[in-house]
Amino acid sequence: MEIIICEHDLWPFQPGSKPLLAQCEGYKCEAGRTDCCCRHVLFCQPDFTAQKSHLEEFITAQGHICDFYPKFHCELNFIEQYWGAVKFQYHSSPKTADLEAMEQNVLACLDDVPLLQIKCYANQSARFISAYGQGLSGAEAAWAMSRPDSGCTSTGVGGGGGDNGGGVGDLGWDGPKS
C-alpha cells in the first residue's frame with residue numbers, strides 16, 4: 001500500500017517521519033482524518049469512494065434499482081418486518097428434525113406471507129423514513145403511523161389520500177394529543 005500511495009504522491013508525511021500504519025487498530029480511524037493510516041488514505045480517494053459495490057453493480061446491470069436502507073431499526077427496513085412475519089409463520093409450522101423438511105417449511109413460510117402484506121411493510125418503512133426526514137421524533141413518528149389514515153390497516157388495505165397512499169405527508173401534523 002505504501003508503494004501505491006507514494007507512486008500517486010499521496011504520502012502524507014515528510015521523509016524521516018514516523019511510518020504510516022497499514023490500518024488503524026480495529027479499523028477505527030480517527031474522526032475527520034484522512035491520513036491516519038494507509039487504508040484510510042486509499043479509501044478516501046475518489047476512485048474508491050465512487051466505486052459501487054459488486055452487489056449494486058450486479059443489481060443495476062439487471063435493470064433494477066438498488067436501494068440500501070439505513071442500518072438503524074427494523075421499522076426502517078421492511079425486509080426485517082417481512083422476515084419477522086416469516087419467523088412467526090415458521091414457529092407455528094409442524095416441528096421436524098429432518099433438515100430437508102425444515103428447509104421445505106422455511107420455503108413454505110417465505111411463500112405464505114402475502115405480497116400485499118410485504119408491500120404494506122415497505123410503505124410503512126417509507127413513511128417512517130419520511131417522518132424522520134421531516135424532523136419528527138420516534139414517538140411522534142409512531143403516533144403518526146398509528147393514525148387510521150396512515151396507510152395499511154389490519155386488512156392490508158391502504159388508507160389515507162394523496163399520491164403516496166397515506167402517511168405522514170397527508171396527516172396535517174399537529175403532534176400527539178395528551
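- Side-chain contact between Arg39 and Cys24 is absent, with no heavy atoms from C-beta onward closer than 4.5 Å.
- Distance alone, capped at 3.5 Å, is enough to place a donor-acceptor pair between the Glu140 side chain and the Ser137 backbone.
- The environment of NZ in Lys28 is sparse: at most 12 heavy-atom neighbours from other residues, nucleotides or ligands sit within 6.0 Å.
- Residues Phe78 and Ser125 share a closest heavy-atom pair of N-OG, 3.1 Å.
- Note on Phe88 and Tyr82: separate hydrophobic clusters, where clusters join Ile, Leu, Val, Met, Phe, Trp and Tyr whose side-chain heavy atoms are under 4.5 Å apart, directly or indirectly.
- Of the possible polar contacts, none joining the Gln89 side chain to the Ala85 backbone as a donor-acceptor pair under 3.5 Å is found.
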Could you tabulate the donor-acceptor pairs under 3.5 Å formed by side-chain atoms of residues 55-63, not counting sequence neighbours?
unit_1	atom_1	unit_2	atom_2	d
Glu57	OE2	Gln51	NE2	2.7
Thr60	OG1	Glu56	O	2.9
Thr60	OG1	Glu57	O	3.2

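- Residues passing the ring-ring contact (aromatic ring centres under 6.0 Å, His included) test with Tyr90, sequence neighbours excluded: none.
- Taking CH2 of Trp143 as the start and CG of Leu136 as the end, the distance is 9.5 Å to the nearest 0.5 Å.
- Taken from SG in Cys38 to CD in Gln23, the straight-line distance is 10.0 Å, to the nearest 0.5 Å.
- The two atoms that bring Ala141 and Tyr132 nearest to each other are CB-CE2, 3.9 Å, heavy atoms only.
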Which pairs would a plain distance check flag for residues 96-115, meaning a side-chain donor or acceptor within less than 3.5 Å of a matching protein atom at least two apart in sequence or in another chain?
unit_1	atom_1	unit_2	atom_2	d
Thr96	OG1	Asp98	N	3.2
Asn105	ND2	Pro94	O	3.2

